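Right, one structure below, let's go through it.
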Amino acid sequence: MIRANKPLSKAGRIVILTGAGISKESGLETFRDPGGIWARVRVEDVATPDAFARDPQRVHAFYNARRQGLLSANVAPNPAHAALAHLEAEWPGEVLLVTQNIDDLHERAGARNLIHMHGEILTALCTLCRGISPWRHDMDAASQCPACGRAGSLRVNVVWFGEMPYEMERIYRALAACDLFLSIGTSGNVYPAAGFVEEVRGAGHGHTVELNLEPSQGHSSFAERAYGRASEIVPAFVTRLLEDGG
Ligand code: BJW
């Protein structure tokens, strides 16, 4: 591990970005690892607005299967999710968790100050009224919007390629102001999340840390890096942070 130069003030503002790697040990697939989601389905077939316009049933089926997987009894938060919720509860300063994940494992672990920048698989978006509603069962072309009552207008509330991620203004403000930026379990392939580390560096004062199984695309931009399973390295990092500020 490459260690931090100086301890972080206990009042410091922390922004944490998470990706699919943090949920891998909870039983969910990543995207770009060997055998990951993009090894068996093409992005162009399931994760673009064009794919949904062309073949909505296929896109519904893809997300129905993943929703069922998330809700199955053997998927649960792992020690990395728990450690981040513990950090949020114990850290005297602000902790903002920004996840690219569409699962609800951070919430289940107790996270409160959380942005799902790529949406949530357990909600539905109505393409007519733009209402967002809880959705825990299968969806199809005839599903009815709980907000406006119309049928045939629902899609899963996730951000596909070419669409604008959620709450970007709030995220960029937090990145510019943060004292510590932690990136966990993401390969750094997808923008704008992959550019967050440069936003923090550009602001000039935030320490940047990557915790991942292996070096990400943008690993050299991080001041500090540690590699291993999230369930091990994240709790260890959080313990260090809470004990001595880093
Ligand atoms: C472990 C582990 C363990 C494993 N412990 N670690 C050219 C240049 C730049 C940008 C673009 C470009 N052309 C197009 C773009 C924009 C495009 C983009 O980035 N494309 C790239 C592919 C080039 N981006 C967009 O379109 C986004 N919107 C946008 O840019 O709007 C305009 C805008 C402009 C300016 C500001 C703001 C906005 C939208 C992106 C939507 C992404 N959607 C998806 C799918 C939907 C949700 C879903 O179905 O789940 O989101 S794609 C998929 O990738 C998913 C993820 O959230 C996302 C990131 O993946 P992640 O989390 O990094 O997973 P992996 O699998 O890649 O990595 C896992 C990592 O974990 C690996 O490193 C493992 O080693 C590690 N790991 N086990 C710790 N146990």
Side-chain angles (χ1 to χ4, degrees), residues 16-52 58-67 69-70 77-81 83-84 97-106 115-123 125 139 155-173 175 182-199 209-219 222 225-237:
I16 304 165
L17 172 71
T18 62
I22 196 168
S23 295
K24 171 76 176 170
E25 293 163 76
S26 292
L28 299 179
E29 293 176 285
T30 60
F31 293 91
R32 297 169 185 82
D33 288 314
I37 293 173
W38 297 152
R40 59 180 174 77
V41 242
R42 291 182 344 134
V43 171
E44 300 79 12
D45 290 336
V46 293
T48 67
D50 280 354
F52 187 61
R58 174 159 193 190
V59 175
H60 283 310
F62 173 68
Y63 285 100
N64 287 343
R66 289 176 61 202
R67 190 183 300 102
L70 174 62
N78 68 56
H81 297 101
L84 296 184
L97 190 48
V98 179
T99 188
Q100 298 171 88
N101 300 342
I102 62 174
D103 65 56
D104 65 341
L105 296 180
H106 284 302
I115 295 174
H116 277 278
M117 64 176 289
H118 290 165
E120 297 173 78
I121 197 169
L122 298 181
T123 61
L125 169 67
M139 187 182 292
R155 54 169 278 189
V156 63
N157 179 32
V158 304
V159 177
W160 291 319
F161 284 104
E163 296 184 318
M164 182 63 82
Y166 284 109
E167 299 204 51
M168 290 311 302
E169 277 183 30
R170 185 175 158 211
I171 294 170
Y172 280 129
R173 268 201 312 276
L175 291 170
L182 264 181
S183 176
I184 301 172
T186 177
S187 64
N189 276 284
V190 176
Y191 288 82
F196 288 176
V197 62
E198 293 300 341
E199 293 290 326
V209 180
E210 168 166 280
L211 304 177
N212 203 33
L213 194 60
E214 60 193 7
S216 71
Q217 284 286 320
H219 67 95
F222 290 87
R225 309 184 280 271
Y227 299 109
R229 289 150 52 112
S231 63
E232 292 163 7
I233 58 176
V234 175
F237 188 86

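The first residue of the sequence shown is numbered 1, and numbering continues consecutively from there. Counting starts at 1 for both ligands and their atoms, in listed order. Remember, predicted model here, so these are calculated numbers, not experimental data.
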Legend entry - Within-4.5 Å side-chain heavy-atom neighbours: Arg170 and Val98: no
Inset, instruction - Return yes when at least one protein heavy atom is under 4.0 Å from atom 13 (N) of ligand 1, and no when none is. - result: no
Inset, instruction - Determine whether any heavy atom of Gly119 lies closer than 4.0 Å to an atom of ligand 1. - result: no
Legend entry - Any donor-acceptor N/O pair, Asn101 side chain to Gly19 backbone, under 3.5 Å: yes
Legend entry - Closest candidate by heavy atom, reference atom 45 (C) of ligand 1, pool Asn101, Thr186, Val159, Asp33: Val159
Inset, instruction - Among all protein heavy atoms, pick the one closest to atom 36 (C) of ligand 1 and tell me residue, atom and distance. - result: Tyr172 OH, 3.9 Å
Inset, instruction - Determine if the distance from atom 8 (C) of ligand 1 to the closest protein heavy atom is below 4.0 Å. - result: no
Legend entry - Residue Pro192 vicinity, atoms of ligand 1 by number, heavy atom under 4.0 Å: 30 (O), 37 (C), 38 (C)
Inset, instruction - Determine, considering heavy atoms only, which of Gly185, Ala194, Gly19 sits nearest to atom 69 (C) of ligand 1. - result: Gly185
Legend entry - Ala20 N/O under 3.5 Å from ligand 1 N/O: yes
Legend entry - Closest protein heavy atom (residue, atom, distance) for atom 23 (C) of ligand 1: Asn189 O, 4.0 Å
Inset, instruction - For atom 1 (C) of ligand 1, state whether the nearest protein heavy atom is under 4.0 Å away. - result: yes
Legend entry - Per atom 73 (O) of ligand 1, closest listed option by heavy atom (Val190, Leu213, Asn212): Asn212
Inset, instruction - From the options Arg66, Glu29, His118, select the one whose nearest heavy atom is closest to atom 48 (C) of ligand 1. - result: Arg66
Inset, instruction - Would you tell me which option among Phe31, Tyr191, Tyr227 has the nearest heavy-atom contact to atom 56 (C) of ligand 1? - result: Phe31
Legend entry - Residue pair Val46 / Trp160: nearest heavy atoms and the distance that separates them: O-NE1, 3.6 Å
Legend entry - Closest candidate by heavy atom, reference atom 29 (C) of ligand 1, pool His116, Glu120, Glu163: Glu163
Inset, instruction - Using a strict 4.0 Å cut-off to heavy atoms of Glu25, name the atoms of ligand 1 that fall inside it. - result: 3 (C), 5 (N), 80 (N)
Legend entry - Heavy atom of protein closer than 4.0 angstrom to atom 76 (C) of ligand 1: yes
Legend entry - Side chain to side chain, Val156 and Arg67, heavy atoms closer than 4.5 Å: yes
Inset, instruction - State, yes or no, whether a side-chain contact exists between Val190 and His118 at a heavy-atom distance under 4.5 Å. - result: yes
Inset, instruction - Could you tell me how the ring of Phe31 sits relative to the ring of Trp38: parallel (under 30°), tilted (30 to 60°) or perpendicular (over 60°)? - result: tilted
Legend entry - Whether Pro165 lies under 4.0 Å from ligand 1, heavy atom: yes
Inset, instruction - Show which atoms of ligand 1 fall inside a sub-4.0 Å distance from at least one heavy-atom site of Tyr63. - result: 46 (C), 48 (C), 49 (O)
Legend entry - Trp160: numbered ligand 1 atoms lying under 4.0 Å from its heavy atoms: 39 (C), 41 (C)
Legend entry - Nearest option to atom 32 (C) of ligand 1, as decided by whichever heavy atom of Arg229, Met164, Glu232, Met168 sits closest: Met164
Legend entry - Numbered atoms and elements of ligand 1 in range of Gly228, under 4.0 angstrom, heavy atoms: 5 (N), 79 (C)
Legend entry - Heavy-atom protein neighbour under 4.0 angstrom from atom 27 (C) of ligand 1: yes
Inset, instruction - Establish whether atom 21 (C) of ligand 1 and some protein heavy atom are separated by less than 4.0 angstrom. - result: yes
Legend entry - Subset of ligand 1 atoms that lie under 4.0 Å from at least one heavy atom of Glu214: 75 (O)
Inset, instruction - Specify side chain, backbone, both or neither for Gln100, according to which of its non-hydrogen atoms lie closer than 4.0 Å to ligand 1. - result: both
Inset, instruction - Before signing off on this row, confirm whether Trp38 and ligand 1 have an N or O atom pair separated by under 3.5 Å. - result: no
Legend entry - Spacing of Met164 atom CE and Met117 atom CE [to the nearest 0.5 Å]: 10.0 Å
Inset, instruction - Tell me, please: is Gly36 in heavy-atom contact with ligand 1, that is, under 4.0 Å? - result: no
Inset, instruction - Quick one: pull up CZ in Phe52 and CZ in Arg155 and give me the separation to the nearest 0.5 Å. - result: 7.0 Å
Inset, instruction - Mark up the atoms of ligand 1 that fall under 4.0 Å of a heavy atom belonging to Lys24, in ascending order. - result: 78 (N)
Inset, instruction - Measure from atom 5 (N) of ligand 1 to every heavy atom in Gly162, Ser231, Ala230 and give the option owning the shortest one. - result: Ala230
